[in-house]
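See structure below.
What's counted below: heavy atoms across the whole structure, side chains too, no hydrogens, waters or symmetry copies. Quick note: residue numbers are just sequence positions, from 1.
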Amino acid sequence: MSRRYLFRNILRLVTMDDDRTEYENGWIVTEGRQIVALGGADTVTPPADEILDMTGHVVMPGMVNTHHHMYQSLTRVIPQAQDASLFEWLKTLYPIWARLTPDMIRASTRTAMAELLMSGCTTTSDHLYIFPNGCRLDDEIEAAAGMGMRFHACRGSMSVGESAGGLPPDSLVEKEDEILRDTLRLIETYHDPEPFSMLTVGGAPCSPFSVSRGLMRDMADLARATGTRLHTHLAENQHDVDYSRERFGQTPAEYAEDVGWLGADVWHAHCVRLDGDGMTRFGRTGTGVAHCPCSNMRLASGIAPVSAMCGHGIPVGLGVDGSASNDGAGMLAEARQAMLVSRLLSAQDDQAVMLRARDVLALATRGGAGVLGRGDIGSLEPGKAADIIAFDVYRPDYAGAQSDPVAALVFCNPTSVSFSMVNGKILIRDGHFVSLDIRDVTRQHNFLAERLYNGR
């Protein structure tokens, strides 16, 4: 029999429903993996098997990370790449990443997911596109299974090496028929398309400068034949745009449309340099964007025009990107940066609109759910998944901010969650993992990171 939990005495319950309803002194009831009821102080709470006291807490939907490279948590703040722009950064790190092993993939997955969970993320995607030394996406999927997060695993790939005009070294590219064959194997083995799914798989060629036009088209055909989703990087910086014009004679958006990579089953990371015509194409087709403000600043790529994207009807979510191009993987920190950079952009462009605190929280929750094609997560409503997080706003970080505790989550210093439930299972309680030894996870991660960097 499914266990019923009652969350009560909630300082502010943020539902993120269509009306963005919020309840003071709210409550919410879950049963099994679903939300069954919620309300405010003027409604009667139903009985439950366990009562969770949320005094002093803001409770909201679990956040959704739409873009990441978890393996890169092994190579944070590498000195040689600290001040490099995108292409220089990649060329510096490719030789280090060429030493990755399956154990490193598994360890980095556990660390990245632990960091995400602590930040309030309950659903994450990941874009693993490098497979040296016997590494497989299976290694990441197997490690993720023990973490309890909803996982959208993207089978990345690179097929055009330096000798053929691409960016990656030839030693790290794969044959395209093998990429397609393995992607289909992974979909047939792991992909679960049902509501409340904990695992989906999609095809994700790394970028237009690391795969061929033919692979992009073939992967799009495979996705449509299997009912799965597509993901890649696009228009990340000006070099990206210049490469697309020089090699393909098209803007990144024109190229994406030409190879079948526009549609409601596609989302692109970054899109910092997406022009007006590109936004029109994306909006018309329902193509999604993963906005990664920290990474975009870290690599000096620019500021994505998010308010303009939303004005064109483009689905937008937030992504922490790789932990070597962000060096952190906190969803609340990403939401804060999204708000701040929108204000910087509005100071430079009269047409840009500042994003408010609740706007970026919406991007982090229901926005990300929409980008991933999920109607079962992203808001707290009866029938939706029991993915619930809580922040203690009575801690010193939020002192003096009680006039608006929801906005305080974004304006004040980002903190870790005190509670996290995914699919009806409690993963974090009182700020600590229920069944994960985080020190052991970190210890193993650091040991392997040192081996990777030093080449031992």
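Pairs of residues two or more places apart, or lying in two chains, that qualify as salt bridge (charged side-chain N to carboxylate O under 4.0 Å, His left out) and include a residue from residues 108-123 are R76-E115. Within the structure, side-chain hydrogen bond (donor to acceptor under 3.5 Å, both in side chains) contacts touching residues 207-216 (residues at least two apart or in different chains) are E176-S212, S207-S210, R213-D258. The stretch residues 268-289 participates, sequence neighbours left out, in these ring-ring contact (aromatic ring centres under 6.0 Å, His included) pairs: H67-H270, H233-H270, H268-F282.
Inter-residue side-chain proximity for T183 and I187 is flagged as met; some heavy-atom pair is nearer than 4.5 Å. Counting only heavy atoms from C-beta outward, the side chains of F248 and Y243 approach each other to under 4.5 Å. In this structure the side chain of R281 never reaches within 4.5 angstrom of the side chain of T287, judged on heavy atoms. Considering only heavy atoms from C-beta on, L215 comes within 4.5 Å of S157 through its side chain. V266 places none of its side-chain heavy atoms less than 4.5 Å from the side chain of R229. Side-chain contact between C121 and N65 is present, with at least one heavy-atom pair separated by less than 4.5 Å. With a 4.5 Å cut-off on side-chain heavy atoms, M149 and M198 do not count as touching.
With respect to L332, the side-chain contact (heavy atoms from CB on, under 4.5 Å) criterion is satisfied by exactly one of L409, I389, L318, V360: L409.
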Under 3.5 Å, which donor-acceptor pairs do the side chains of residues 413-420 form with other protein atoms, sequence neighbours left out?
unit_1	atom_1	unit_2	atom_2	d
T415	OG1	Y398	OH	2.7
S418	OG	H57	NE2	2.9
S418	OG	A390	O	3.2

Could you list the donor-acceptor pairs under 3.5 angstrom formed between side-chain atoms of residues 362-373 and any protein atom two or more places apart in sequence or on another chain?
unit_1	atom_1	unit_2	atom_2	d
T365	OG1	L361	O	2.8
T365	OG1	A362	O	3.4
R366	NH1	M16	O	2.6
R366	NH1	D17	O	2.9
R366	NH2	D18	OD1	2.8

Can you give the donor-acceptor pairs under 3.5 Å from side chains of residues 128-136 to other protein atoms, not counting sequence neighbours?
unit_1	atom_1	unit_2	atom_2	d
Y129	OH	Y71	OH	3.0
N133	ND2	A98	O	3.0
N133	ND2	L100	O	2.7

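For I303, the side chain to side chain contact (heavy atoms under 4.5 Å, CB included) test picks out V341, L344, L345, with sequence neighbours left out. Residues that satisfy the side-chain hydrogen bond (donor to acceptor under 3.5 Å, both in side chains) test with T200, not counting sequence neighbours, are H152. Residues passing the salt bridge (charged side-chain N to carboxylate O under 4.0 Å, His left out) test with R247, sequence neighbours excluded: none. Here W89 pairs with nothing under the side-chain hydrogen bond (donor to acceptor under 3.5 Å, both in side chains) rule; sequence neighbours left out. The side-chain hydrogen bond (donor to acceptor under 3.5 Å, both in side chains) test applied to N326 returns E334, not counting sequence neighbours. For V241, the side chain to side chain contact (heavy atoms under 4.5 Å, CB included) test picks out Q238, R245, P252, R273, with sequence neighbours left out.
Taking both residues in full, the closest heavy atoms of G278 and A253 are given as CA-CB, 3.5 Å, listed atom of the first, atom of the second, then distance.
By the neighbour-count criterion of 12 heavy atoms within 6.0 Å, atom CE of M216 is densely surrounded, having more than that number from other residues, nucleotides or ligands. Summarising the local packing, CZ of R20 is surrounded by more than 12 heavy atoms from other residues, nucleotides or ligands at distances under 6.0 Å.
Proximity of a side-chain donor or acceptor of S119 to a complementary backbone N or O of G330 within less than 3.5 Å is not detected. A donor-acceptor pair under 3.5 Å links the side-chain atoms of H127 to the main chain of A204, judged by distance alone. In this structure, the side chain of S108 does not engage the main chain of L74 through any donor-acceptor pair within 3.5 Å.
When only modelled atom types and interatomic distance are considered, T75 and W97 share a side-chain donor-acceptor pair under 3.5 Å. D321 and S295 form a side-chain donor-acceptor contact under 3.5 Å, judged by distance and modelled atom types alone.
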For this session: May I have the step-by-step check of salt bridge (charged side-chain N to carboxylate O under 4.0 Å, His left out) for E194 and R374, ending in yes or no?
Result: CA-CA 10 Å; E194 298 301 315; R374 301 289 300 247; over 6 Å; no

